[in-house]
Amino acid sequence: MKKYILLFVMLFALQSYAQKDKTVFELRPSQGMCMTGKGAGQDAAINPYNDGNSIAVVKNLGKNAFSIRVQYQGKIFQTRELKPGVATMIPLRQGSELYFDSELATKVKLDFKDGAN
């Protein structure tokens, strides 16, 4: 019985560790990436709050700036440049699409918060 409990705890810890890595993305030079909003199979990240308004928490972990683009119903709603080492919060309306556009290689961390609060 103790072996099963230990195995369960180890699997849980491994799953938790693996999910943390899924929020860090490496952008290649001249790359635009759909982060969320297009749907399963097309999004790079899963927004757990996509059934309502949410907040994207974005941090530039790389050495180069990149651009954040938010589209709503096919129209660009907001663009913002994010410099290295800087974090920002981007409000996302239900149905919005979030994109990261990069001229140079960089690394980005993305998390989501509930926008209802």
Side-chain angles (χ1 to χ4, degrees):
M1 183 67 173
K2 289 182 182 181
K3 289 181 184 180
Y4 290 115
I5 293 173
L6 180 60
L7 179 63
F8 176 74
V9 170
M10 289 176 64
L11 287 174
F12 180 76
L14 180 63
Q15 175 69 18
S16 180
Y17 176 76
Q19 288 200 357
K20 287 182 184 179
D21 287 344
K22 291 183 180 182
T23 62
V24 176
F25 300 92
E26 291 189 28
L27 301 178
R28 295 185 307 265
S30 300
Q31 180 180 20
M33 184 183 286
C34 177
M35 300 311 294
T36 190
K38 287 250 182 174
Q42 297 182 21
D43 295 346
I46 297 172
N47 181 351
Y49 309 105
N50 66 353
D51 57 345
N53 296 336
S54 60
I55 298 170
V57 181
V58 184
K59 183 169 184 179
N60 188 341
L61 302 174
K63 296 180 181 178
N64 298 303
F66 71 96
S67 178
I68 300 168
R69 175 172 36 111
V70 179
Q71 290 184 198
Y72 183 72
Q73 295 181 345
K75 296 179 183 168
I76 296 176
F77 180 72
Q78 178 183 22
T79 58
R80 183 181 300 180
E81 181 181 73
L82 195 61
K83 296 185 185 289
V86 176
T88 190
M89 291 193 278
I90 307 289
L92 298 174
R93 180 184 214 180
Q94 182 179 2
S96 294
E97 299 169 8
L98 176 68
Y99 294 88
F100 293 162
D101 301 309
S102 177
E103 291 298 318
L104 301 170
T106 194
K107 189 183 277 192
V108 183
K109 181 176 182 184
L110 173 63
D111 289 311
F112 296 96
K113 292 171 51 173
D114 188 358
N117 296 332

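Positions are given from 1, in the same order as the sequence printed here. Since this is a predicted model, take the numbers as computed values, not measurements. Excluded from the calculations below are hydrogen atoms, water molecules and symmetry mates; all remaining heavy atoms, backbone and side chain alike, are included.
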Quick one, V108 with F66, criterion side-chain contact (heavy atoms from CB on, under 4.5 Å). Give me CA distance, side-chain angles, the key distance, then yes/no. CA-CA 9 Å; V108 183; F66 71 96; 3.6 Å; yes
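- Using a 4.5 Å cut-off on side-chain heavy atoms (C-beta onward), F25 and M35 make contact.
- Listed by first then second residue, pairs satisfying ring-ring contact (aromatic ring centres under 6.0 Å, His included) with a partner in residues 28-52 number zero, not counting sequence neighbours.
- For residues 26-40, no residue pair satisfies the side chain to side chain donor-acceptor pair (under 3.5 Å) rule, not counting sequence neighbours.
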Could you pull out every donor-acceptor pair under 3.5 Å between side chains of residues 70-80 and any protein atom, sequence neighbours left out?
{"unit_1": "Q71", "atom_1": "OE1", "unit_2": "R69", "atom_2": "NH1", "d": "2.6"}
{"unit_1": "R80", "atom_1": "NH1", "unit_2": "T88", "atom_2": "OG1", "d": "2.5"}

Using residues 52-63 as the side-chain source, report each donor-acceptor pair under 3.5 Å to any protein atom, sequence neighbours left out, with the distance given to one decimal.
{"unit_1": "N53", "atom_1": "OD1", "unit_2": "Q94", "atom_2": "N", "d": "3.0"}
{"unit_1": "S54", "atom_1": "OG", "unit_2": "N47", "atom_2": "ND2", "d": "2.9"}
{"unit_1": "N60", "atom_1": "OD1", "unit_2": "G62", "atom_2": "N", "d": "2.9"}
{"unit_1": "N60", "atom_1": "OD1", "unit_2": "T106", "atom_2": "OG1", "d": "3.0"}
{"unit_1": "N60", "atom_1": "ND2", "unit_2": "N64", "atom_2": "O", "d": "2.9"}
{"unit_1": "N60", "atom_1": "ND2", "unit_2": "L82", "atom_2": "O", "d": "3.0"}
{"unit_1": "N60", "atom_1": "ND2", "unit_2": "K83", "atom_2": "O", "d": "3.4"}

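- In terms of the side chain to side chain donor-acceptor pair (under 3.5 Å) criterion, residue partners of Y99 (sequence neighbours excluded) are, by chain and number, E97.
- Residues F100 and L110 approach most closely at CZ-CD1, 4.3 Å, considering heavy atoms.
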Please evaluate residues L92 and F112 with respect to the criterion side-chain contact (heavy atoms from CB on, under 4.5 Å), reporting the C-alpha separation (whole Å), side-chain torsions for both, the decisive distance (0.1 Å), and the verdict. CA-CA 10 Å; L92 298 174; F112 296 96; 4.1 Å; yes
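- In this structure, V86 is a member of the same hydrophobic cluster as I90, with clusters built from ILVMFWY side-chain heavy atoms closer than 4.5 Å.
- By the side chain to side chain contact (heavy atoms under 4.5 Å, CB included) test, A105 pairs with P29, sequence neighbours left out.
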